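Working notes for the structure below.
Residue numbers start at 1 and run along the sequence shown. These numbers come from a predicted model, not from an experiment.
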Amino acid sequence: VMPEFPGGIPALRRFLETNLETPSSVESGETVSVKMRFIVGFDGKLHGFETVQGGGEDCNQEVLRVLKKMPAWVPGKSNGNKVSVYYILPVSFARAD
């Protein structure tokens, strides 16, 4: 069973929308994508952050900042035991000014 943000994907989306700020380096009409890989530990805590697809230093740091303030996740399970699992989270920044 894969790990899950408390409340599922809709809650994860709300958390990101509420906490992410689009960096000023993202220009009007531009969309920047970042993919961050991390480990959801058997205790639900996130660690081992690694940028898989960067969107520039400002965007990468903003995603990292928000990931570090996330609450603990519901950990993954294998054969009924809690396990650590790699997870890749895609994030897009867009400026529509």
Determine yes or no for a side-chain-to-main-chain donor-acceptor pair under 3.5 angstrom, with D43 supplying the side chain and K45 the backbone.
yes
When rounded to the nearest 0.5 Å, the distance separating CZ of R13 from OG1 of T18 is 12.0 Å
Note: E30 and E27 closest approach over all heavy atoms is OE1-N, 2.7 Å
Closest heavy-atom pair, P6 versus A11, reported as atoms and distance to 0.1 Å, is O-CB, 3.3 Å
Could you give the side-chain donor-acceptor pairs of residues 47-54 under 3.5 Å, partners two or more places apart or in another chain?
from: E50; atom 1: OE1; to: R37; atom 2: NH2; distance (Å): 3.0

Between V40 and P3 the two heavy atoms that sit nearest each other are CG1-CB, 3.6 Å
Is there a donor-acceptor pair closer than 3.5 Å between any side-chain N or O of T22 and the backbone N or O of F93? no
Taking every heavy atom of G41 against every heavy atom of P75, the minimum-distance pair comes out as O-CB, 3.7 Å
Looking only at heavy atoms, the pair that brings M70 and L89 closest together is CE-CD2, 4.4 Å
- prompt: More than 12 non-hydrogen atoms from neighbouring residues, nucleotides or ligands closer than 6.0 Å to CZ on F15, yes or no?
  reply: yes
Query raised in the report: Are R14 and E17 close enough for a salt bridge, meaning some N to O gap below 4.0 Å?
Result: no
Flag yes if V91 and I9 sit in one hydrophobic cluster, no otherwise; membership is Ile, Leu, Val, Met, Phe, Trp, Tyr, and two members link when side-chain heavy atoms are under 4.5 Å apart.
yes
With no hydrogens and no angle check, is any side-chain donor or acceptor of N60 less than 3.5 Å from a backbone partner on V34?
no
Distance col, row R65:CZ vs K69:NZ, nearest 0.5 angstrom, shows 5.0 Å
L12 with V66, same ILVMFWY side-chain cluster at under 4.5 Å: yes
Students should find that the hydrophobic cluster of Y86, defined by side-chain heavy atoms under 4.5 Å apart, otherwise consists of I39
Value for CG (L16) from CG (L67), rounded to nearest 0.5 Å, stands at 7.5 Å
Output for pair (C59 SG, M36 CE), nearest 0.5 Å, gives 10.0 Å
(Q) Tell me if a side-chain donor or acceptor on R95 pairs with a main-chain N or O of V26 at a distance below 3.5 Å. (A) yes
Note: E21 and E62 closest approach over all heavy atoms is N-OE2, 2.8 Å
Here the ring pair (Phe, Tyr, Trp, His ring centres under 6.0 Å) pairs for residues 61-81, sequence neighbours left out, are F5-W73, F38-W73, W73-Y87
